[in-house]
Amino acid sequence: MAAAKPGTPQNQGDSAPYLEGLNDEQRTAVLTTDGPVLMLAGAGTGKTRALTTRLAHLLHTERAQPYQILAVTFTNKAAREMKERIQTLVGDSVEGMKWLGTFHSIAAQILRRHAELVGLKSSFTILDADDQVRLAKQVIEAANIDEKRWTGRGLAAVIDGWKNRGLVPEKVPADEAYHFADGKGIQLYKAYQSRMITLNAADFGDLLIHNLVIFQNNPDVLAEYQRRFSYMLVDEYQDTNVAQYLWLRLLAQRHKNICCVGDDDQSIYGWRGAEVENILRFEKDFPGAAVIRLERNYRSTPAILGAASGLIASNKDRLGKTLWTESEDGEKVRVRGVWDGDEEARLIGDDIESEQSKGRSLSDMAVLVRASFQMRAFEERFNTLGLAYRVVGGPRFYEREENRDALAYLRLIRSPDNDLAFDRIVNKPKRGLGNKALQVLHKIARAQGIPLMAASRIALESSELHAAARRSLLNFVDNVDRWARDAKDMAPADLAELVLEEAGYIEMWKNSKSPQAPGKLDNLKELIQAVSEFETLEGYLDHVALVSELNENTGDGQIWLMTLHAAKGLEFPVVFLPGWEEEIFPSKRSLDENGNAALEEERRLAYVGVTRAEESCRISFAANRQIYGRWQSAMPSRFIDELPEEHVEVFSEQGLYGNTATSFSSQSSFDNIDIKEDAYYENPGWKRARNASSRGSIKPKTIDGRGKTLSIGATGKSKFKIGTRVFHQKFGYGKISSVEGQKLTVNFDHSGIKKVIDTFVEAA
DNA sequence: CCGGTATGTCTTTTT
DNA sequence: GACATACCGG
């Protein structure tokens, strides 16, 4: 562990009321206002409190005016929360903090002011991920590259990767060109960028890249912002990518009052370009930086904290923290092995009902999964039980087909040059303007270097289109023109309604016999409702570009269901962590792509999961699971083995983790368990598991102090030998091809080769 | 031009 | 198993 080097708190004597109740470290973090500060804040250590108080302190002591503070977060939600909490501390002067927001929204603000310096107009549109892929695809098509091999999606990902690293096409290392389309990667990147300029558009990565270019080429502009931002604060610093890091470093050069807050153990966005390196390197980047560690945890019980700490200790390259708590001992972390995914959902459902019957609110409980496909089993189970639940993160509102279509209409009305919008809705609903007509328009547009709307007008004058197509296109163009006039003196919500109605778009869904149609109509109503909160169409479209969700409805009385990623920053009294199986968690795909770095990131994800829990943390794994419609056998996650056994209690039928009686404690904690609480031992699911395994006694076990971590995986010896024919409940008959501890590799007659635990097969 | 079937894909996700 | 895209036949 690196030695902590707390900075000298300036103004130590300050005794403003907002400082009350802070612990020493938090207080130091608030009062060390000048110079670079790295605040290493472990999970549940009151980070947000320290950070908002710090901002309040800067304002209160008039070290800075609200508009001189740059405060960046990653999500809109985090920005909103920060604003609200500062407001409770300093009141309305928070309104002056116009530089409080996400990286992207602040970069967009700056770019709008200087757009012409990179060849854009300040009215540029911001493209979302879907548009990016579409555009990338067009670029590939135009370059005559095999679209089967090199997809738009792939190109968009490569370009995104470069942008995350702050690389404009000219700066991409030559040897990286070969990663895509036989060396054409950079050329395609260039083509993509010039297409963006023609469209007067910027994607999310561009917002930052353009900022960097502007700052580097225009020292006067950079100096202006450097002067302005006398204090800077960055939340979730461990999630910054290189581009964001460069941006921050440029802006901080003058005053050097930059405070970065983060936790290297919670860096879980590496796959999106985040560099943990940024936080590990902070003291080198900013010599003389004060490093303040927040290590007192106010959230979880000692067992939960102990389990999490033990788990994360397997990672190398950590700055190192020792979390501690004064809270009372609570229950140990529970690990439960079950037969299959259905049973897992059933048992968790039962647990939730039993907690509920003890008076716990549903909104105090959360199910956190590795990947969203795991959610379905729980949704189904909750539905049959009649339990209210709420999915966080699911399909995003503005990414839904109908909403994107509606937005395309509005965007086209606002900027007729928006070819992407034109493409999207010119034939939606069907107007008889299919591929052929579109090809004509594209040809004209490309030949003359004009937008598709303008090309349409020319096509109408020519005879290149059939009469029917021409009539239809004329009608469409006239409509768009008329709506653009209407837009000038109509409330945006009224306009949206009028347009969708007159375009026949509402009608299209009303006539649709798709089972999803009613839901889509509801979404359109919601969208119009959302528009009505804005006074101008521009205001609305600008807002939408940087926000993917509607304002969240509160989750009172509903179980939370979300991915581990979505859970970062949240906390719940009871947390369920299902699906702790090899290949799912850690995710095989992730490991295949990024090896050990990915494994460490998966482990951090596990750490994030466990540390969300305040009182009760319940991990589970299933021996069999249906993935993509196929049954797969699964081994318990290595992360389960890494949990320190003193903090863990295993509830499972004996066979599941393959231990013989001797490798377990003979001391059973069964007698200590409140039967009402753990009624699942008598419920149908449990009985089924018992019958299915058709083996021995089922008792919960406590692990005693022999050995340091759990050994649920491959301990014990199997009684089976290579070559033995066996029978498995789900996979049928097969022959053993290898034995490793109690893991068997079996070649099943009908299900192929699988790894199974020996207690799940019997000699045939 | 449209609507049907075949084929391929399937983390994590904010902006 | 579900969904999206792609291609083919009417």
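A note on names: the letters A, B, ... follow the listed sequences, proteins ahead of strands, and every chain is numbered from 1.
Counting any heavy atom pair closer than 4.0 Å across all strands shown, A:Asp128 reaches no nucleic acid atom. Residue A:Gly205 is out of contact with every strand shown, counting any heavy-atom pair closer than 4.0 Å. Residue A:Gln374 is out of contact with every strand shown, counting any heavy-atom pair closer than 4.0 Å. Counting non-hydrogen atoms under 4.0 angstrom, A:Arg431 reaches nothing in the nucleic acid.
For A:Arg113, the CZ atom counts as densely surrounded, since its 6.0 Å shell holds more than 12 non-hydrogen atoms of other residues, nucleotides or ligands. A:Lys137 NZ: 12 or fewer foreign heavy atoms inside a 6.0 Å radius.
For A:Lys430, whose side chain is taken as the heavy atoms from C-beta onward, the closest listed nucleotide among B:dT15, B:dT13, B:dG3 is B:dG3. Here B:dT15 is the nucleotide among C:dA6, B:dC2, B:dT15 with the atom lying nearest to any side-chain atom of A:Asn76. Ranking B:dT15, B:dT13, C:dA6 by closeness to the A:Lys137 side chain, first place goes to C:dA6. Each of B:dT13, B:dC1, B:dC2 was ranked by its minimum atom distance to the side chain of A:Ala437; first place goes to B:dC1. Of all nucleotides listed (B:dC2, B:dT15, B:dT12), B:dT12 comes nearest to the side chain of A:Thr563. Considering only the side chain of A:Arg376, C:dA2 comes nearest among C:dA2, B:dT12, B:dT11.
One interatomic measurement links the two molecules: CZ of A:Arg153 to P of C:dA4, which rounds to 13 Å at whole-angstrom precision. A:Asp131 places its CG atom 16 Å from the P atom of B:dT15, with the value rounded to the nearest Å. Here C:dG1 presents its P atom at 13 Å from CD of A:Gln632, a figure rounded to the nearest Å. Atoms CZ (A:Arg80) and P (B:dT14) sit 13 Å apart, rounded to a whole Å. To the nearest angstrom, P of B:dT12 lies 22 Å from CD of A:Glu600. Going from atom CZ of A:Arg604 over to atom P of B:dT12 covers 18 Å, rounded to whole Å. For the pair A:Asp130 CG and C:dT5 P, the computed distance is 8 Å after rounding to whole Å. Atom CE in A:Met508 sits about 11 Å away from atom P in B:dG3, given to the nearest Å.
Put simply, A:Phe204 does not rest on the base of B:dT14: the two rings are not both less than 5.5 Å apart at their centres and under 30° in tilt.
Positionally, the nearest nucleotide of DNA chain B for A:Ala469 lies more toward the 5' end than for the other of A:Leu546 and A:Ala469. Take the nearest nucleotide of DNA chain B for A:Asn427 and for A:Gln132: the residue whose nucleotide is more 5' is A:Asn427.
Across residues 579-590 of chain A, A:Ser587, A:Arg589 each have a non-hydrogen atom less than 4.0 Å from an atom of DNA chain B (numbered order).
Side-chain N or O atoms of A:Thr384 include one that pairs as donor or acceptor with a backbone N or O of A:Glu380 at under 3.5 Å. For the pair A:Thr75 (side chain) and A:Ala78 (backbone), a donor-acceptor distance under 3.5 Å is present. Although no hydrogens or angles enter the test, the distance criterion places no donor-acceptor pair under 3.5 Å between the side chain of A:Asn594 and the main chain of A:Ala597.
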Expected list for residues 470-477 of chain A: side-chain donor-acceptor pairs under 3.5 angstrom, two or more places apart:
residue	atom	partner	partner atom	Å
A:Ser472	OG	A:Arg431	O	2.6
A:Asn475	OD1	A:Asn479	ND2	3.4

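For the ring-ring contact (aromatic ring centres under 6.0 Å, His included) with A:Phe639, the lone residue among A:Tyr607, A:Phe585, A:Phe621 that qualifies is A:Phe585.
A heavy-atom distance below 4.5 Å is not found between the side chains of A:Thr48 and A:Met82.
Remark: the A:Arg272 side chain and the B:dT14 base include a donor-acceptor N/O pair separated by less than 3.5 Å.
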